[in-house]
K.L.:
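Can you keep this structure in mind? I'll have questions shortly.
Counting convention: from 1, in listed order, for ligands and their atoms alike.
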Amino acid sequence: MRAMILDAPGVPLRSAAIPDPQPGAGEVLLRVHACGVCRTDLHVVDGELEQPKLPLVPGHEIVGTVLANGPGASRFATGTRVGVPWLGWSCGTCGYCQSGRENLCDRAQFTGYQRDGGYAELTVADERFCFPLPDGFDDLAAAPLLCAGLIGYRSLVLTGDAERLGIYGFGAAAHIVTQVARHEGRRVFAFTRPGDETGQQFARELGAAWAGGSDTAAPEPLDAAIIFAPVGALVPAALAAVAKGATVLCAGSHMSEIPAFPYHLLWGERVVRSVANLTRGDGTEFLRVAGKIPVRTTVQPYPLEAANDALADLRAGHVRGAAVLQCAQ
Ligand SMILES: [Zn+2]
Ligand SMILES: [Zn+2]
């Protein structure tokens with residue numbers, strides 16, 4: 001099969017023909033139709049996430065159809081379309097797994113990080129960690145649901161009933177979570193890179209009540225903020241923008257160092273916390289909600305072979321919505 005391979009952090013992905021993967025016990029073999037390009041992939045490629053298997057096939061927003069079942073796998077009939085997310089495996093027996101927090105499992109394996117992912121024509125996945133996908137999304141449109149949408153949704157749920165929601169970084173996750181938040185009757189305040197008027201316009205088109213650069217003050221106090229951009233300096237900025245009692249969520253898998261800030265920004269029972277990974281429960285719930293609203297994803301497609309271009313465009317902030325690779329036809 002054809003795949004894009006990471007040999008070492010800091011070097012471009014290499015296009016190669018490698019042996020087809022074989023599904024192991026409990027695994028499905030998938031023909032990959034589309035795979036989203038997530039900011040976490042950039043963190044893996046750049047070496048900011050430091051424990052990838054190498055060589056590695058990146059990619060953890062996989063839309064594929066089942067070609068074959070490995071020994072003991074029977075959940076999906078051949079031909080079923082499924083999605084594969086970032087959480088590829090968890091132990092099921094540790095304290096985290098047994099208390100509904102498999103996202104925190106110490107032994108968890110992540111797709112496109114410790115397990116080969118979807119920048120390829122074929123992949124294998126543990127059937128228990130695959131999701132059936134809602135109808136109404138073609139393969140390209142469904143791919144960003146599997147991380148951007150899912151992590152965005154987990155973050156949104158953790159804001160409780162916050163009515164005035166700040167979102168920092170208006171990429172793939174933000175463009176989905178804005179639609180869910182609007183559907184729930186919340187108001188969205190979108191903060192983009194300073195001067196990114198295209199991004200601000202995009203946010204308004206999706207229903208944001210206000211959009212501006214992250215260097216500008218919010219027009220009114222916010223009830224919660226979600227930071228998707230990997231920029232630590234946004235933490236004190238968001239704390240300054242939220243009302244007493246509000247939570248600031250850091251939703252990315254990596255962030256630059258958070259600068260020191262005066263205690264009064266945290267005072268008033270403001271909370272800073274991270275959002276890590278996903279549980280299968282998050283995925284099931286979000287995919288149901290996404291199908292019902294329905295969420296409409298905006299995607300920028302690339303051929304599989306152009307994965308390096310997609311990563312470069314994401315890094316430069318040149319992607320409207322989500323970048324998605326077209327893998328096998
Ligand atoms: Zn566990
Ligand atoms: Zn991701």
Side-chain angles (χ1 to χ4, degrees), residues 4 6 13 26 32 34-46 48-49 51-52 56-63 83-119 123 125-126 128-131 140 142-156 169-177 226-230 249-255 274-283 286-287 290 297 299-300 302 307 310-311 313-315 319 321-325:
M4 297 299 288
L6 178 69
L13 305 182
V32 181
C35 184
V37 177
C38 174
R39 181 161 291 280
T40 290
D41 300 340
L42 269 185
H43 297 317
V44 172
V45 167
D46 290 346
E48 289 159 339
L49 294 185
Q51 287 151 358
L56 171 73
V57 179
H60 57 271
E61 297 184 290
I62 301 169
V63 176
V84 184
W86 172 242
L87 183 65
W89 185 88
S90 63
C91 80
T93 58
C94 72
Y96 292 119
C97 284
Q98 298 235 315
S99 58
R101 296 179 293 166
E102 62 189 5
N103 59 311
L104 303 179
C105 176
D106 285 327
R107 294 170 60 203
Q109 295 174 8
F110 298 105
T111 309
Y113 188 37
Q114 281 108 13
R115 301 170 63 96
D116 279 335
Y119 288 17
T123 195
D126 186 316
R128 298 169 302 166
F129 291 82
C130 298
F131 296 117
L140 287 171
L145 301 177
L146 287 157
C147 184
L150 226 153
I151 296 294
Y153 184 72
R154 181 174 175 86
S155 306
L156 183 65
F170 208 84
H175 101 285
I176 294 172
V177 81
I226 305 172
I227 303 176
F228 291 116
L249 296 111
C250 305
S253 55
H254 175 81
M255 188 177 245
S274 63
V275 183
N277 313 317
L278 68 133
T279 67
R280 283 170 281 178
D282 296 329
F286 168 64
L287 291 169
T297 54
V299 301
Q300 206 161 292
Y302 297 79
L311 288 165
D313 286 349
L314 182 59
R315 187 192 309 281
V319 176
V324 180
L325 303 181

K.L.:
Over all heavy atoms of both residues, which pair between Val57 and Gly118 is shortest? Give the atoms and the distance, please.
P.N.:
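Minimum heavy-atom contact is CG1-N, 4.4 Å.
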K.L.:
Can you tell me how far CD1 of Ile151 sits from CG of Asp282, rounded to the nearest 0.5 angstrom?
P.N.:
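If I round to the nearest 0.5 Å, the distance is 7.5 Å.
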K.L.:
How are the rings of Trp86 and Phe110 set relative to one another: parallel (under 30°), tilted (30 to 60°) or perpendicular (over 60°)?
P.N.:
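Ring orientation of Trp86 relative to Phe110: parallel.
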K.L.:
Test of geometry: compute the angle SG(Cys91)-the Zn ion (ligand 1)-SG(Cys105) and round it to 10°.
P.N.:
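Once rounded, the angle between the two atoms at the Zn ion (ligand 1) is 110°.
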K.L.:
From the Zn ion (ligand 2), how many protein N/O/S atoms are found at a distance short of 2.8 Å?
P.N.:
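Near the Zn ion (ligand 2), the number of protein N, O or S atoms below 2.8 Å is 3.
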K.L.:
How far apart are the closest heavy atoms of Leu87 and Thr111, and which atoms are they?
P.N.:
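Looking at all heavy atoms of both residues, the shortest contact is C-OG1, 4.2 Å.
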K.L.:
Which heavy atom of His254 sits nearest a heavy atom of Leu49, and at what distance?
P.N.:
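The pair with the smallest heavy-atom distance is CB-CD2, 4.4 Å.
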K.L.:
Under 4.0 Å between a side-chain nitrogen and a carboxylate oxygen: does that hold for Arg115 and Asp126?
P.N.:
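A salt bridge is absent here (no side-chain N lies under 4.0 Å from a carboxylate O).
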